[in-house]
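Owing to the predicted nature of the structure, the values given are computational and were not obtained by experimental measurement.
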Amino acid sequence: MANQLQYEKSPYLLQHAENPVDWRPWGIVALEEAKREDKPIFLSIGYSTCHWCHVMAHESFETEEVAEMLNRTFIPIKVDREERPDVDAVYMAACIAMNGSGGWPLTVLLTPDQKPFWAGTYLPKPQLMSLLEQADRRWRENRGQLISAGDMLTEHLRQEEAVRPDAPSRALVEKGVALFVQSFDRQWGGFGQAPKFPTAHNLLFLLRYARLTGNHRVQEMAELTLEHMYRGGLFDHVGGGFSRYSTDRKWLVPHFEKMLYDNALLALAYTEAWNQTHQDYCREVACRTLDYVLAELTDPQGGFYCGQDADSDGVEGKYYVFSPEEIAAIVGEKQGEAFCRRFDISSAGNFEGKSIPNLIGAPDWEQEPEEIKALRKQLYAYRKERTSLHRDDKVLTSWNGLMIAALARAGLILDKVCYLDAAERAVAFIRKNLKDSNGRLLVRWRDGEAAHPGKLEDYAFYTWGLLELYEATFHVDYLEEACALAEQLLKLFFDHEQGGFYPYAKDGEQLITRTKEVYDGAMPSGNSVAALVLSRLARLTGETHWMQASERQFAYLAGAIQGYPAGYSFALLALLEELWPTAELVCAADKIPKDLTDFLREHACGLTVLVKTPTDETRLAALAPFTSEYPIPAAGVRYYLCRGKTCERPVETIAELEKLM
């Protein structure tokens, strides 16, 4: 018999709708029930493409023995961490405080008033049963001790680490670079030992830093990492796109789930690398990553889905691995031999008796013969028919914002109109489906239904995507929407006294804590991206209130990250735009000049651009009042360039502009 999760839209919650555990979704009904029945809460948090979440479900939550214990003594609540990042963040912080680490599935025991007294991650069934029995006994016999523990931990979590605002400095950025140099793997790229995470914003920061400073060592660190991530099994050489992380040092064996946010950020990193180095493989990887998203993670209406599972037919990685015999049966002996030789597919295998295609040992890895490209496409079609992957088909505003930013940037830099079109369709999707009647963002859409008030990441990431799209298309409505959402960001989330943004709105559901999050982990923090957004809006519009908010946010970040700045690489990326010289360009013309777009492919770094035409000059002046002083010529184009608060003489051709630059 199905439990209450049957009425939800989240794929993760629906995966547990047939469990004998009487799961409830997080919400006022379940929380009030815990108080009314005076029972502790068993909180389980995960996501639909999580391998160990599946393992724990099969071992425990699908069994009558565990269900009987949970249903009798607890109020069991399931949360999709992607749908409720606010709830996940609070209880992940509790897990880390108790254990020094966290992860998913996240298991937390709470008092009826939501205070955690035990937290951990994956538990085998015997350990879970033992935990439940002990917790039940102590709740009946000595609950005061558990309540006291919950009170103490909650108070600890509420005592947000004091941040003394500091002046942003290049020294802080240099300290972060030095830390990356110390932890760099000089043989295989990346930072630290296995498991290795791609963390694309680390690479974006290092690439941009190297470009601004001419530091060749840092450039080589980023390039070596990008090369080996592509050559290993982390990249799907058959279907494109990247898996979540590598379990080994040389990027060979991934944890096979694919996530939208990883692929968005990695596409940005490879686009940036191609823009700086013009190495063909960087362009190829960026395109194959975005093409994968467009082919397999895109809703017909234009939004982007969350990701694909690591498992197929209950086996991790089965979808991705091959044997030589299987390859030969599909493409023939001769062609199969060539394919296996290139991609290291052998009878011995490199993963549980089968082979993950990779280019680690390929001497000619940068040059792909046309024959191999055709075989890849043939095997991709075969693989899709051989077995299937679960796809989490909910659309998240925050992750879509990252993909919009990646598509917009790639559309401009790689000269791919199809990517700009996809970004614009995604914006149209969000406008239609993920805003309420007051223009406020919502977190999630699936199966025709949107839910949950937008969080900091929704506003920050989507606004960043809009700004990237404006700078790729110069359609003023994207800049208008970015300004409107940034106003909401300041109104609903900003600490105007101390700086920093709270994770959820001041008028939203109030959880047991509302502490600010700054760490740039698998994804950039909302605080770091918000700093970038405010900085760009200040330069684009020249408006004082954006400048003041930007200054306060950077002062907060500078204070918050100084202990270990390498853990805040997106904040460092934003600081690069704030601390290194930038230039502002206004183009006034009857229409957007094509050669301006060509010019920006080479000069986009550190340059803020506005385009003023007769059709949008009034709307642009409302956003950036200073542009009203720049006349549109009767014929031709006029470029107004300013650097360091000093303006150059107006020029009328790209050639003259390049001389000024």
Show your reasoning for whether side chain to side chain contact (heavy atoms under 4.5 Å, CB included) applies to Leu224 and His228. CA-CA 6 Å; Leu224 185 72; His228 283 294; 3.5 Å; yes

Are Phe501 and Phe494 an aromatic pair, judged by ring center distance below 6.0 Å? yes

Looking just at side-chain N and O atoms, do Gln488 and Tyr459 make a donor-acceptor pair shorter than 3.5 Å? yes

Please list, chain by chain and in numerical order, all residues satisfying side-chain hydrogen bond (donor to acceptor under 3.5 Å, both in side chains) with Thr615, sequence neighbours excluded. Thr613

Distance-only, no hydrogens or angles: does the Tyr419 side chain make a donor-acceptor pair with backbone N or O of Cys287 under 3.5 Å? yes

Under 30°, 30 to 60°, or over 60°: which ring-plane class applies to Tyr209 and Trp580, parallel, tilted or perpendicular? perpendicular

How many angstroms lie between atom CD1 of Ile592 and atom NZ of Lys612, to the nearest 0.5 angstrom? 15.0 Å

Would you say the side chains of Gln279 and Glu223 form a donor-acceptor pair under 3.5 Å? yes

Any luck finding a side-chain donor-acceptor pair between Glu424 and His475 under 3.5 Å? yes

Does some side-chain heavy atom of Arg208 sit less than 4.5 Å from a side-chain heavy atom of Cys605? yes

Is any side-chain N of the basic residue among Lys196 and Asp248 closer than 4.0 Å to the acidic one's carboxylate O? no

Indicate whether any N or O donor in one side chain lies under 3.5 Å from an N or O acceptor in the other, for Thr608 and Glu584. no

Thinking salt bridges, do Glu468 and Arg536 make one under a 4.0 Å N-O criterion? yes

Walk me through whether Tyr478 and Tyr470 qualify under ring-ring contact (aromatic ring centres under 6.0 Å, His included). CA-CA 5 Å; Tyr478 298 132; Tyr470 172 76; 8.1 Å; no

Arg231/Glu227 salt bridge by N-O under 4.0 Å criterion: yes

May I ask you to check if Arg244 and Phe197 form a cation-pi contact, with NZ or CZ under 6.0 angstrom from the six-membered ring centre and within 45° of the axis? no

Give, for atom CG of Leu396 and atom CG of Asp458, the distance between the pair rounded to the nearest 0.5 Å. 7.5 Å

Tell me, please, whether Tyr502 has Lys516 positioned over its six-membered ring: NZ or CZ under 6.0 Å from the ring centre and within 45 degrees of its axis? yes

Salt bridge Lys594-Asp598, side-chain N to carboxylate O under 4.0 Å: yes

Got a donor-acceptor contact below 3.5 angstrom from the Ser628 side chain to the Pro625 backbone? yes

Can you confirm whether the side chains of Ser535 and Arg539 place a donor and an acceptor under 3.5 Å from each other? yes

Determine yes or no for a side-chain-to-main-chain donor-acceptor pair under 3.5 angstrom, with Thr473 supplying the side chain and Leu469 the backbone. yes

Hey, is the main chain of Ala484 close enough, under 3.5 Å, to the side chain of Glu487 for a donor-acceptor pair? no

Does Thr463 reach the main-chain N or O of Ala460 with its side chain, forming a donor-acceptor pair under 3.5 Å? no

Can you establish whether the number of heavy atoms outside Arg170 located under 6.0 Å from its atom CZ is more than 12? yes

In plain terms, say whether Glu481 and Lys435 are close enough for a salt bridge, that is, a side-chain N and a carboxylate O under 4.0 Å apart. yes

Criterion side chain to side chain contact (heavy atoms under 4.5 Å, CB included) on Ile413 and Leu600, from CA distance to verdict: CA-CA 8 Å; Ile413 300 299; Leu600 290 176; over 6 Å; no

Angle between ring planes, Phe242 versus Tyr270, binned at 30° and 60°: parallel, tilted or perpendicular? parallel

Kindly indicate, with the supporting measurements, whether the criterion side chain to side chain contact (heavy atoms under 4.5 Å, CB included) is fulfilled by Arg431 and Asp477. CA-CA 12 Å; Arg431 288 172 173 172; Asp477 57 321; 3.4 Å; yes

Are the side chain of Thr298 and the backbone N or O of Val293 linked by a donor-acceptor pair below 3.5 Å? yes

Taking the side chain as C-beta and beyond, is there a heavy-atom pair between Leu490 and Leu534 under 4.5 Å? yes

Looking at every heavy atom in both Ala522 and His201, which two are closest together, and how far apart are they? O-CE1, 3.3 Å

For a 4.5 angstrom cut-off between non-hydrogen side-chain atoms, does Glu652 reach Tyr639? no

Start with the C-alpha distance between Ile632 and Arg638, add both sets of side-chain angles, then the distance that settles side chain to side chain contact (heavy atoms under 4.5 Å, CB included), and finish with yes or no. CA-CA 7 Å; Ile632 300 172; Arg638 192 161 293 154; over 6 Å; no

To the closest 0.5 Å, what do you measure between CG (Leu441) and CG (Leu456)? 11.5 Å

Can a donor-acceptor pair be found between the side chains of Glu656 and Thr653 at a distance below 3.5 Å? yes

Can you tell me which residue among Trp464, Phe205, Tyr519, Phe461 is in a ring-ring contact (aromatic ring centres under 6.0 Å, His included) with Phe570? Trp464

What I want to find out is whether Glu471 reaches Arg409 closely enough, with some N-O distance under 4.0 Å, to be called a salt bridge. no

